[in-house]
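Here is the structure we will look at, set down as C-alpha cells.
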Number of protein chains: 2
Amino acid sequence: VGAAALSPAKGRRPGPSDARATILEVARRRFGDLGFAAATIRAIARDAGVDPALVLHYYGSKADLFAAAMRLPLPLAQSGELADLARRDPERLGEAVLRTVFAVWEDEAGLAAWLGLIRSAVADERAAAMLREFLADAIFHPIAEALDAPEADRRVALVATQIVGLGIARYVLRLEPVATATPEALIATIAPTLQRYLTGD
Amino acid sequence: VGAAALSPAKGRRPGPSDARATILEVARRRFGDLGFAAATIRAIARDAGVDPALVLHYYGSKADLFAAAMRLPLPLAQSGELADLARRDPERLGEAVLRTVFAVWEDEAGLAAWLGLIRSAVADERAAAMLREFLADAIFHPIAEALDAPEADRRVALVATQIVGLGIARYVLRLEPVATATPEALIATIAPTLQRYLTGD
C-alpha cells in the first residue's frame, strides 16, 4: 500500500499513466487466466512491456496489484495491522477484525466492491478460486502466522465463515433484525464468536 | 411434510399429475411476481383452475408449496422438529440446527439446490426478497416463537448469519481447512456459537 501515493517517474515512454493502466489490464487478464498464486509479477511486467521493478514501484506487492486490478475493497494496510495485533494483543483481535470489516461495508463504494466480489465468486468457479487464493495468501496466512495458537489457519478460516455470512445476511438477504442493527450492536454480539475461534480452546 | 406421500385422487380432469404440475407452475410465477408473503393459496388455486383445498391436499401448506415450486432443499419437516426442540430442550438446539443443515449440504441434490438458491439470491434482488420472506415466515419465526428467550428473532437471525457463511466458505469459496473438515469437526467447533446466539446472555 502507500505505492499509490508515490509520484510515478516522469518523462518515460509509455507515459506513467499509460504504463499503470497497461499493467492493471495485463494483471487483470493474468490473474483471471492463472489465478492469484500462479500469476507472477515478472510475467505481468513482461506482457505489459515494463520492468518488474516498475510494477512493484507502482503497486508495492503482488497482493496490492491484485487488489488494484480487481478493485478489491480489502484494506491490505489494515490486514497488516491485524497481523500486528494478532502478535501483540490477540485477545482484542476478534473485535478489531469486525471493526475493519464494518469500515469497508459501511462505506458505499466499499460495500459495492465487496458485493461485486461475492457475486462473482458465487456465480463463477474461477472467480471463487482466485478470491480464495488471494484471501489465503494475502490476508489469512499473515494473520494466522502472527497468531500464537494451535491450528491457526483453521481459526482464521472459521472467522471468515462468520464474516462472509454476516455480510450476506445483512446486505444481500437483508435478514431482519440483522439488516438494520447498528454495527456497534452487531460487534458486541459477534466479536466474542470471532474471539473464541481465534484464541479459544 | 408428508403431503407429497399422499396419493393424489384418481380419475379427475384435469388428471392429478397435470393439476399438480399446473399448480407448481402457477405458484412459481405468483411467488416470483409477488414474493412469498403477498402470494396467496387462493389466487394460485384460481389461476390454476382448481379448488384451494386441492392445493392444500397436494402440498400441505403455503410454505411447502413454495418449497416445492422453488425446489428448495429446506427440510420443512425438520424445521418443525427444531421448533419443538426449541421449546423442550433449547440447550441442544445449536447442534441440532447444524446437523439438519449438514444433512442437506452433504447430500448431492440438497447441496445443488441450496447453492442454486444462494446464487439466485446473490444475483437478483427479487429472488433475495422472496427467500428472505420465506425464511422469516416459514423457518425462523416458528423457531423464534418456540424459543423462550428475549430478542428471539434476533437470535435466530444471528444463527442464520453463521450458517450462510459456513455454507459459502465450505462449498463455494472452498476455504481450507473448512472445505475439507468433517461435518463432525465443524459441528463441534461451531455448535457453541449457535448455542450462544440462541440461549446466551
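So you know, we letter chains A, B, ... as the sequences are listed, proteins then strands, and number each from 1.
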Find the one option among [options] whose heavy-atom pairs under 4.5 Å with chain A are most numerous.
options	answer
A169(B), G200(B), P192(B), A128(B)	P192(B)
D201(B), V156(B), L166(B)	L166(B)
L158(B), I163(B), D153(B), L186(B)	L158(B)

In terms of heavy-atom contacts, does [atom1] of [X] have more than 12 from other residues, nucleotides or ligands at under 6.0 Å?
X	atom1	value
D89(B)	CG	yes
R87(B)	CZ	yes
E106(A)	CD	yes

I need the L131(A) CG to R174(B) CZ distance, nearest 0.5 Å.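 If I round to the nearest 0.5 Å, the distance is 13.5 Å.
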
Is the side chain of [X] donor-acceptor paired with the backbone N or O of [Y] at a distance under 3.5 Å, no angle test?
X	Y	answer
R196(B)	T189(A)	yes
R154(A)	V178(B)	no
R132(B)	L175(A)	no

Would you name the heavy atoms of A123(A) and R119(B) that are closest together and state the gap between them?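 Smallest interatomic distance, heavy atoms only, reads CA-NE, 4.4 Å.
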
Less than 4.5 Å to any heavy atom of chain B: does that hold for the side chain of A136(A), its backbone, both, or neither?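 Contact with chain B involves no heavy atom of A136(A) at all.
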
Tell me, for I190(A) versus chain B, whether the close heavy atoms (under 4.5 Å) come from the side chain, the backbone, both or neither.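 Both backbone and side chain.
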
Side chain, backbone, both or neither of E125(B) within contact of chain A (heavy atoms, under 4.5 Å):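 Side chain only.
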
Given a strict heavy-atom distance threshold of 4.5 Å, which part of I168(B) is in contact with chain A: side chain, backbone, both, or neither?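 For I168(B), the side chain is the part near chain A, not the backbone.
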
Tell me which of these, A160(A), A157(A), A181(A), G167(A), has more heavy-atom pairs under 4.5 Å with chain B than the rest.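 Among A160(A), A157(A), A181(A), G167(A), the one with the most close pairs to chain B is A157(A).
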
Test item: Q162(B) and T161(A) side chains (from C-beta on) under 4.5 Å apart, heavy atoms: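 Side-chain contact under 4.5 Å: yes.
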
